[in-house]
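All remarks here apply to the structure that follows.
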Amino acid sequence: MKQLSFVKQYLMKPRSVGAILPSSKYLANKMMEGIDFNRATCIVEFGPGTGIFTDALLSRRKKNTKLILFETNQEFCAILKEKYQNEANLYIYHASAECIEEHLLHHDIQSVDYIVSGLPFASLPSHVSTQILHQTKRYLKNNGQFITFQYTLFRKKFIGKFFRNIRTKRVFRNVPPAYVLFCTP
């Protein structure tokens, strides 16, 4: 059911959905490698889709760690809200990652430990990517980390304008294979 919904959304909005299938558990596990769940008090996720990374975050986080999701696709947002309706300290917004400031301030959060992203930066307009990455850098703690995956390294140099250090790992067990970028300010 979830995969059919994902395919349908991709066919309707390929630039914003970014892939025809949800990410694999192997990609999700690789993304989680950069997170110290013992010290994290707030994690933000951009573009959770149907919740592959969200599942991994929820299964590893401490119960008092806040998890804030930003999803622009209305159908995906509805799936997430139903799927996670009983999760404590989980907040789901049908909003762009560009709106992070408004929602963090609503929760009286000044900075976050990690931002995990499933956004397809290669297909987003440059001004949108710039705004999202500017806000990401602004709200990450000094020792925080931005973790994203991309299908190509086409936008790595662009992302590097916002982050001093970027470590890259390749995940072949995903359709298509992907690169995980671990970015620190």
Side-chain angles (χ1 to χ4, degrees), residues 23-49 51-71 80 84 87-93 95-122 124 126 128-171 174 178-185:
S23 299
S24 71
K25 66 181 178 183
Y26 303 103
L27 180 57
N29 288 334
K30 187 61 67 181
M31 300 271 289
M32 299 304 117
E33 281 181 11
I35 300 175
D36 179 354
F37 287 96
N38 289 321
R39 77 168 179 87
T41 58
C42 184
I43 301 171
V44 170
E45 184 179 3
F46 295 156
I52 300 298
F53 300 152
T54 310
D55 288 342
L57 290 165
L58 288 170
S59 70
R60 291 168 171 88
R61 74 167 177 160
K62 294 185 338 188
K63 291 296 178 198
N64 61 340
T65 300
K66 289 182 182 173
L67 182 56
I68 303 172
L69 313 181
F70 292 86
E71 177 56 62
L80 295 168
Y84 303 121
E87 282 289 338
N89 294 315
L90 173 66
Y91 308 95
I92 302 168
Y93 293 103
S96 170
E98 295 170 282
C99 302
I100 186 173
E101 179 175 29
E102 169 189 341
H103 296 290
L104 290 180
L105 293 178
H106 174 77
H107 292 282
D108 198 29
I109 297 170
Q110 304 302 312
S111 60
V112 300
D113 300 290
Y114 298 94
I115 296 178
V116 175
S117 174
L119 298 178
F121 286 104
L124 292 177
S126 254
V128 172
S129 294
T130 298
Q131 178 65 16
I132 291 169
L133 291 171
H134 174 72
Q135 293 289 332
T136 296
K137 185 176 180 183
R138 179 177 178 195
Y139 283 99
L140 266 182
K141 291 181 179 175
N142 288 336
N143 61 347
Q145 191 169 198
F146 173 61
I147 305 167
T148 186
F149 81 93
Q150 302 293 297
Y151 295 119
T152 71
L153 294 176
F154 173 70
R155 298 296 266 172
K156 182 179 178 184
K157 186 175 180 181
F158 174 76
I159 294 169
K161 292 178 182 178
F162 298 88
F163 298 96
R164 258 190 337 227
N165 300 309
I166 300 178
R167 273 187 315 112
T168 306
K169 290 194 176 182
R170 188 85 194 258
V171 177
N174 192 67
Y179 295 93
V180 178
L181 284 67
F182 300 93
C183 311
T184 52

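Sequential numbering from 1 along the given sequence is applied to the chain's residues.
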> Is the Phe53 ring parallel, tilted or perpendicular to the Phe149 ring (thresholds 30°, 60°)?
Replying inline: perpendicular

> Which of parallel (below 30°), tilted (30 to 60°) and perpendicular (above 60°) describes Phe163 and Phe146?
Replying inline: parallel

> Do other residues, nucleotides or ligands put more than 12 heavy atoms under 6.0 Å from the CZ atom of Phe154?
Replying inline: no

>> How close do Cys183 and Ile159 get, counting heavy atoms only, and between which atoms?
In response: SG-CG2, 4.0 Å

>> Tell me the closest heavy-atom pair linking Thr65 and Ala40, and the distance in Å.
In response: OG1-O, 2.8 Å

>> For a quick test of reading the model, state the closest non-hydrogen atom pair linking Gln135 to Glu98 and the distance between them.
In response: CG-O, 4.1 Å

>> Are there over 12 heavy-atom neighbours, none belonging to Asn142, within less than 6.0 Å of that residue's CG?
In response: no

> Do you know the tightest heavy-atom contact between Ala97 and Phe46?
Replying inline: CB-CD2, 3.4 Å

>> Can you confirm if the aromatic rings of Phe70 and His103 lie within a centre distance of less than 6.0 Å?
In response: yes

> Looking only at atom types and distance, does a side-chain atom of Gln150 sit under 3.5 Å from a main-chain N or O of Leu119, one as donor and one as acceptor?
Replying inline: yes

> Do Tyr84 side-chain atoms and Gly51 backbone N/O form a donor-acceptor pair below 3.5 Å?
Replying inline: yes

> Between the main-chain N or O of Lys63 and the side-chain N or O of Asn89, is there a donor-acceptor pair closer than 3.5 Å?
Replying inline: yes

>> Between Tyr151 and Pro120 (side chain of the first, backbone of the second, donor and acceptor by atom type, cut-off under 3.5 Å), is there such a pair?
In response: no

> Does any N or O in the side chain of Asp113 come within less than 3.5 Å of the main-chain N or O of Cys42, such that one atom is a donor and the other an acceptor?
Replying inline: yes

> Does the Arg170 side chain pair with the main chain of Tyr179, one donor and one acceptor, at a distance under 3.5 Å?
Replying inline: no

> Looking only at heavy atoms, which two atoms of Leu69 and Pro48 are closest? And how far apart?
Replying inline: CB-CG, 4.1 Å

> For Phe37, does its backbone N or O pair with a side-chain atom of Lys62 as donor and acceptor, under 3.5 Å?
Replying inline: no

> Any donor and acceptor pair, going by atom type alone, linking the side chain of Gln145 with main-chain N or O of Tyr114 inside 3.5 Å?
Replying inline: no

> Quick check: does any side chain N or O of Arg60 sit under 3.5 Å from a backbone N or O of Ala56, one acting as donor and the other as acceptor?
Replying inline: yes

>> Tell me the closest heavy-atom pair linking Arg39 and Asn143, and the distance in Å.
In response: NH2-O, 3.0 Å

> Is Arg61 salt-bridged to Glu87, cutoff N-O under 4.0 Å?
Replying inline: yes

